[in-house]
Amino acid sequence: MYRFLFTLREQLTTTWLVVASLVVLAALLTLVLTRFASLRALGQVVRGLRSHDVDAPGQVAPWLAAASGAAVTGSAATFVAVASAITLAGSGVLVWLWLFVPLAIALRHGEAVLARSTGARGPAGELAGSLSVRLRRDDAAAARVLGWVLVVAVVLAAIAMGGATQGVAIAETTRAMPGGGDIGRWVATAVAVGAIVLTILPRARAWKMGGLVAVIGLALALVASLAAFLADPIDALATVLRAMREASSDAGYSGSFLGASKVQILAAAAAVMLPALAAPTGVTGTFAWASQARTTRLAAAATAAEVIVPVAIASIAGLALVGTGAFGRTVPDEIGWEDVRVHREGIASVAERDASERWSSDLLRVRNGNLGGTQVLANERGPIESPELSLDGRAGDFAIALRDGRAERFLLPGRFGLDDAPLDRVLGVRVRGTSNPTGAAALREATAGMGGAWAGWAWVLAFVALGAAGIAGWGQAVERSVGGTLPVAARHGLRVLPALGVLAIHVVPESLLRSAGNATAALAVAVAAVGVLVGSRAVARATLDSRS
């Protein structure tokens with residue numbers, strides 16, 4: 001089981017790297033074919049957010065619909081992903097973050113136009129509301145097939161990215177706080193229950209309450225980011241120049257661990273950060289549908305805020321993360337064995353971490369939780385100092401036969417020495433030590449270390465609010481995107497899929513859930529990007545038509 005899970009995780013991660021190029025290509029082509037309609041509409045973002053018309057076919061004010069969309073885009077997983085990408089590859093990731101923004105806006109804009117406009121078949125009410133419905137009702141057989149593929153992709157993404165990955169991010173953030181311990185998973189479960197409460201409200205009230213909770217979450221995230229940023233604004237602003245330099249050249253030292261090359265910076269940005277940023281593509285049209293903006297063009301313009309607002313907040317947090325030096329200071333941490341690689345000797349750089357000749361293929365012996373020999377344990381960020389290993393909650397007494405730094409056999413003390421045990425037992429191994437922080441731990445270190453303990457707790461509260469609004473938003477969106485002609489009970493059941501996905505954190509390794517979230521996001525955004533590309537001419541016509 002362990003070997004299967006680890007192999008699956010590696011394949012899922014590779015899947016995103018392959019699909020990312022397709023997403024970028026489709027977004028670029030959409031920009032060109034729509035004559036850069038989404039970028040030309042940026043000047044109308046504020047007007048679109050304010051263009052409330054009670055006679056429009058939506059259900060809530062445009063700014064509330066956009067807030068729900070921003071909570072889905074700027075979810076707990078997105079902020080943790082940006083922090084993880086920075087800690088893995090340096091501040092150059094911030095440059096790629098903003099280079100990805102126009103592409104994400106282009107896909108959101110095109111999807112919003114298609115979701116609010118009428119296609120070739122059927123009445124407007126039957127066609128409007130989601131990209132998948134629009135494609136499934138198209139006259140072209142290829143478009144209809146694409147629409148059904150998108151249905152499958154959206155359902156998978158709703159469970160894995162919209163639910164499980166959000167739960168992992170909330171759990172990680174809670175654990176990173178003093179005294180957080182193992183309570184993180186139960187906090188994430190409580191957030192999922194809150195999201196279910198939001199989704200079972202009447203539709204208009206659910207959209208409205210979800211938008212208000214999203215505004216609270218985004219405000220808390222902004223306050224927490226500014227607290228760390230303003231603690232050392234000069235160094236934080238200097239990070240802008242550092243980011244531009246690192247994006248075009250190799251990153252320098254950060255603490256005791258050497259930064260990445262420019263190729264690794266791009267790979268980290270695409271593999272870690274882009275999935276979370278792009279994941280809602282495929283359901284974001286439902287937020288434009290829910291908006292009571294006066295015209296399709298204004299509703300589509302407002303979707304840019306769903307990308308820009310969370311990215312701006314994440315950037316402030318990222319500048320503080322680098323400017324305060326938080327991601328270079330070691331902090332106490334605990335991770336599962338699936339996130340560990342064993343090296344024959346010490347490592348001091350990304351290149352040494354990734355050098356296969358340094359990976360251990362020997363026997364790792366653990367007695368009373370302590371390592372024997374000179375082998376070094378490391379996570380993605382760097383070496384783990386003073387590691388203590390436990391098995392099923394007790395001080396470890398076992399051995400692991402390694403191949404390329406990963407577990408090949410698991411052995412336990414027997415009557416005559418070490419005896420083979422099921423390899424799955426290695427999933428019960430936890431490694432506690434100090435290491436350079438990643439993701440949620442890095443956010444906590446930057447905000448609580450510079451802005452005070454209250455700022456660290458502000459992140460927890462922000463993630464609770466964003467988690468509830470994001471999970472509920474995914475639920476509302478997947479119902480509209482997939483429901484179609486399903487019975488009412490089945491459509492309502494779709495709303496709770498993301499919340500149910502959170503429960504997976506209790507039984508599935510978190511690293512696998514993160515990889516599954518990335519892979520399902522890759523599938524959904526790739527199919528949706530092709531769908532927007534297919535409808536790009538309709539998008540251009542609707543955008544250029546002043547009467548739309």
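For residues 89-98, the set of pairs meeting the salt bridge (charged side-chain N to carboxylate O under 4.0 Å, His left out) definition, not counting sequence neighbours, is empty. Sorted by first and then second residue, the ring pair (Phe, Tyr, Trp, His ring centres under 6.0 Å) pairs involving residues 384-407 (not counting sequence neighbours) are Phe398-Phe410.
By the 4.5 Å heavy-atom criterion applied to side chains, Trp359 and Leu402 are not counted as neighbours. Side chains of Asn518 and Met161 form a contact here, defined as non-hydrogen atoms less than 4.5 Å apart. Counting only heavy atoms from C-beta outward, the side chains of Glu479 and Leu497 never approach each other to under 4.5 Å. With contacts defined as side-chain heavy-atom distances shorter than 4.5 Å, the pair Val429/Val340 does not qualify. A 4.5 Å side-chain heavy-atom check between Val525 and Leu274 finds every atom pair outside the cut-off. Put simply, the side chain of Val309 reaches to within 4.5 Å of the side chain of Ile313, judged on heavy atoms. Side-chain contact between Glu338 and Leu512 is absent, with no heavy-atom pair separated by less than 4.5 Å. Side-chain atoms of Val93 and Trp96, non-hydrogen and from C-beta on, never get closer than 4.5 Å to each other.
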side-chain contact (heavy atoms from CB on, under 4.5 Å) between Val431 and Asn379, intermediate numbers included = CA-CA 10 Å; Val431 181; Asn379 60 13; over 6 Å; no

ask   = Given Glu345 and Glu352, is the side-chain contact (heavy atoms from CB on, under 4.5 Å) satisfied, shown in steps?
value = CA-CA 10 Å; Glu345 54 191 31; Glu352 291 181 354; over 6 Å; no

request  = Show the numbers, then the answer: is there a side-chain contact (heavy atoms from CB on, under 4.5 Å) between Leu389 and Trp337?
outcome  = CA-CA 9 Å; Leu389 287 79; Trp337 180 262; 4.0 Å; yes

request  = May I have the step-by-step check of side-chain contact (heavy atoms from CB on, under 4.5 Å) for Leu103 and Val23, ending in yes or no?
outcome  = CA-CA 9 Å; Leu103 305 182; Val23 174; over 6 Å; no

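Within the 3.5 Å criterion, the main-chain N or O of Ala516 finds a donor-acceptor partner in the side chain of Thr520. Within the 3.5 Å criterion, the main-chain N or O of Thr199 finds a donor-acceptor partner in the side chain of Arg495. Counting only distance, with no hydrogens or angles, the side chain of Thr78 and the backbone of Thr73 share a donor-acceptor pair below 3.5 Å. The backbone N or O of Ser91 sits less than 3.5 Å from a side-chain atom of Glu246, completing a donor-acceptor pair. Panel note: side chain Arg358, backbone Gly346; a donor-acceptor pair is recorded below 3.5 Å. For Ser481 (side chain) and Val283 (main-chain N/O), no donor-acceptor pair under 3.5 Å exists by modelled atom type. No donor-acceptor pair closer than 3.5 Å links the side chain of Thr165 to the backbone N or O of Arg514. Arg409 places no side-chain N or O within donor-acceptor distance of the main-chain N or O of Ala421, the cut-off being under 3.5 Å.
Across all their heavy atoms, Leu494 and Val478 have their closest contact at O-CG1, 3.2 Å. Here the shortest heavy-atom pairing between Ile170 and Gly467 reads CD1-CA, 4.0 Å. The nearest pair of heavy atoms linking Gly184 to Thr174 is CA-CB, 3.8 Å. Taking every heavy atom of both residues into account, Ala104 and Val307 meet most closely at CB-CG1, 4.1 Å. When all heavy atoms of Ala279 and Ala521 are compared, the pair lying nearest together is CB-CB, 3.8 Å. When all heavy atoms are compared, the tightest approach of Pro498 to Trp474 is CG-CB, 3.7 Å.
The CZ atom of Arg432 sits 13.0 Å away from the OG atom of Ser386 when rounded to the nearest 0.5 Å. Atom-to-atom distance recorded for Arg394:CZ and Asn368:CG is 13.0 Å, nearest 0.5 angstrom. For the atom pair CE of Met273 and CD1 of Ile86, the computed distance is 8.5 Å after rounding to the nearest 0.5 Å. Here the CG atom belonging to Leu363 is positioned 7.5 Å from the CD atom belonging to Gln375, to the nearest 0.5 angstrom. Note that CG of Leu156 is 6.5 Å distant from CG of Leu523, once rounded to the nearest 0.5 Å. Atom CG of Leu418 sits about 8.5 Å away from atom CG of Leu412, to the nearest 0.5 Å.
Other residues, nucleotides and ligands contribute only 12 or fewer heavy atoms inside 6.0 Å of the CH2 atom of Trp148.
Residues Arg341 and Asp404 are not paired through a salt bridge, judged by the lack of any N-O separation under 4.0 Å between the basic side chain and the carboxylate.
Residues passing the side chain to side chain donor-acceptor pair (under 3.5 Å) test with Asp362: none are found, sequence neighbours excluded. Applying the side chain to side chain donor-acceptor pair (under 3.5 Å) rule to Glu357 yields no partners; only residues at least two apart in sequence or on another chain are considered. Residues forming a side chain to side chain donor-acceptor pair (under 3.5 Å) with Arg344 (at least two apart in sequence, or on another chain): none. Among residues two or more places apart in sequence or in another chain, the ring-ring contact (aromatic ring centres under 6.0 Å, His included) test is passed with Trp459 by Phe79, Phe463.
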